[in-house]
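So the structure is just underneath, and the comments pick up after that.
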Amino acid sequence: MEDIIHIKQLNLFYEDFHALKNVDLTIPEKMITAFIGPSGCGKSTLLRTLNRMNDMISGTRIEGSVQINGKEIYGEDVEVESLRKQIGMVFQQPNPFPKSIYDNIAYGPRLHGVTQKAELDQIVEQSLHQAALWDEVKDYLKRSALSLSGGQQQRLCIARALAVQPDILLMDEATSALDPISTLKIEELIQELKESYTIVMVTHNMHQAARVSGQTVFFLNGEVVESNETNILFTNPHDSRTEDYISGRFG
Ligand SMILES: Nc1ncnc2c1ncn2[C@@H]1O[C@H](COP(=O)(O)OP(=O)(O)OP(=O)(O)O)[C@@H](O)[C@H]1O
């Protein structure tokens with residue numbers, strides 16, 4: 001498995017607060033990588049550095065290197081819009097646009113220049129299939145996305161992210177606002193998606209990380225304590241702090 005993301009000596013500051021400290025990490029392609037650790041340890045911050053969402057937070061300063069597909073994403077010539085096309089993101093709260101189901105999915109492709117109706121139809125159908133939502137919504141594509149259940153809305157947001165054909169999908173606690181059945185559906189879905197996409201997920205739920213991911217990264221106080229194959233990290237952690245966390249001694 002090739003590594004698609006290389007992070008070297010990454011430091012991030014929110015004003016004076018040192019939120020990420022000397023992070024070195026590689027992320028393999030076409031695999032699910034889970035970020036775990038106690039609240040406030042920097043998981044979401046690191047996730048946001050991968051598609052430069054931190055650019056939107058004023059007072060943020062970054063040092064070090066993040067290479068994706070061999071390209072330095074904090075380089076001067078990087079177009080952030082095309083970076084975000086390559087690296088989609090799904091958030092904790094489903095956030096469909098107040099538009100029809102169809103227009104939610106077609107939004108990104110239209111933005112990137114697709115105008116032909118037949119092509120858009122095909123992208124909408126394919127993306128909804130990939131997000132395991134097509135059968136539930138195919139007869140209601142003109143209905144508002146806001147009429148869907150929370151779990152359906154989250155799958156719609158995944159379909160919307162897939163519609164622009166990203167390489168990488170970032171998921172920030174994407175199931176934590178959902179009921180157990182919707183959570184299970186999304187877990188099954190991302191297992192299928194990893195055949196075609198690299199997925200990086202932040203989760204508060206260690207069982208979820210153990211169930212779905214191939215690599216797990218444990219964070220503490222802005223540092224990566226340990227990164228390893230998930231089954232090794234959970235059964236034979238190398239660092240005593242990882243062991244304390246996964247055995248429930250803190251966090
Ligand atoms: N916009 C911001 N401005 C200032 N400090 C911030 C900002 N965002 C996050 N932080 C701080 O950076 C640290 C890391 O936050 P982050 O959200 O990355 O942690 P996390 O591990 O994802 O936490 P949680 O699991 O609670 O979501 C925390 O101490 C947080 O208070």
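This one's a predicted model, so the numbers in the text were calculated from it and none came from an experiment. FYI, the numbering just counts along the sequence from 1. Atoms considered below: every heavy atom in the structure, side chains included; atoms not considered: hydrogens, waters and symmetry mates. All ligand and atom numbering here is 1-based and tracks the order in the structure.
- Counting only heavy atoms from C-beta outward, the side chains of Thr49 and Leu46 approach each other to under 4.5 Å.
- Considering backbone and side-chain N/O of Phe17, none are found under 3.5 Å from N/O of ligand 1.
- Atom 10 (N) of ligand 1 has as its closest protein heavy atom Tyr14 CE1, 3.3 Å.
- Relative to atom 27 (O) of ligand 1, the option among Met56, Lys43, Glu173 with the closest non-hydrogen atom is Glu173.
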**Item:** Residue pair Val224, Asp24: steps toward the side-chain contact (heavy atoms from CB on, under 4.5 Å) verdict
**Value:** CA-CA 8 Å; Val224 169; Asp24 285 315; over 6 Å; no

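- Met206 and Phe35 are assigned to two separate hydrophobic clusters, defined by single-linkage of ILVMFWY side chains at heavy-atom distances under 4.5 Å.
- Protein heavy atom in closest approach to atom 26 (O) of ligand 1: Ser39 OG, 2.6 Å.
- The heavy-atom pair separating Ala209 from Phe234 by the smallest distance is CB-CZ, 4.2 Å.
- Ligand 1 lies within reach of Ile57, whose nearest heavy atom is under 4.0 Å from it.
- For the residue pair Leu146 and Pro96, the shortest heavy atom distance occurs at CD2-CG, 4.0 Å.
- In this structure, the protein non-hydrogen atom closest to atom 28 (C) of ligand 1 is Gly40 O, 3.6 Å.
- The closest non-hydrogen atom to atom 25 (O) of ligand 1, taken over His18, Arg48, His204, Gln92, comes from His204.
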**Prompt:** Hey, mind stepping through Ser182 and Gln154 against side-chain hydrogen bond (donor to acceptor under 3.5 Å, both in side chains) and telling me if it holds?
**Reply:** CA-CA 9 Å; Ser182 301; Gln154 197 61 309; over 6 Å; no

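- In summary, the atoms of ligand 1 found under 4.0 Å from a heavy atom of Thr45, numbered by their order in the structure, are 14 (C), 15 (O), 16 (P), 18 (O).
- Ile57 CD1: more than 12 foreign heavy atoms inside a 6.0 Å radius.
- Grouping the Ile, Leu, Val, Met, Phe, Trp and Tyr side chains by contacts below 4.5 angstrom, directly or via other members, places Met171 apart from Ile68.
- At a distance under 4.0 Å, a protein heavy atom can be found next to atom 13 (C) of ligand 1.
- Per-atom contact check: atom 20 (P) of ligand 1 touches the protein, criterion being a heavy-atom distance below 4.0 Å.
- For Gly42, the heavy-atom gap to ligand 1 drops under 4.0 angstrom.
- Each of Arg155, Arg211, Lys194 was checked for a salt bridge (Lys or Arg N to Asp or Glu O under 4.0 Å) with Glu187, and the lone residue meeting it is Arg211.
- Protein heavy atom closest to atom 17 (O) of ligand 1, with residue, atom name and distance, is Ser44 CB, 3.9 Å.
- Listed by number with element, the atoms of ligand 1 under 4.0 Å from a non-hydrogen atom of Cys41 are 19 (O), 20 (P), 21 (O).
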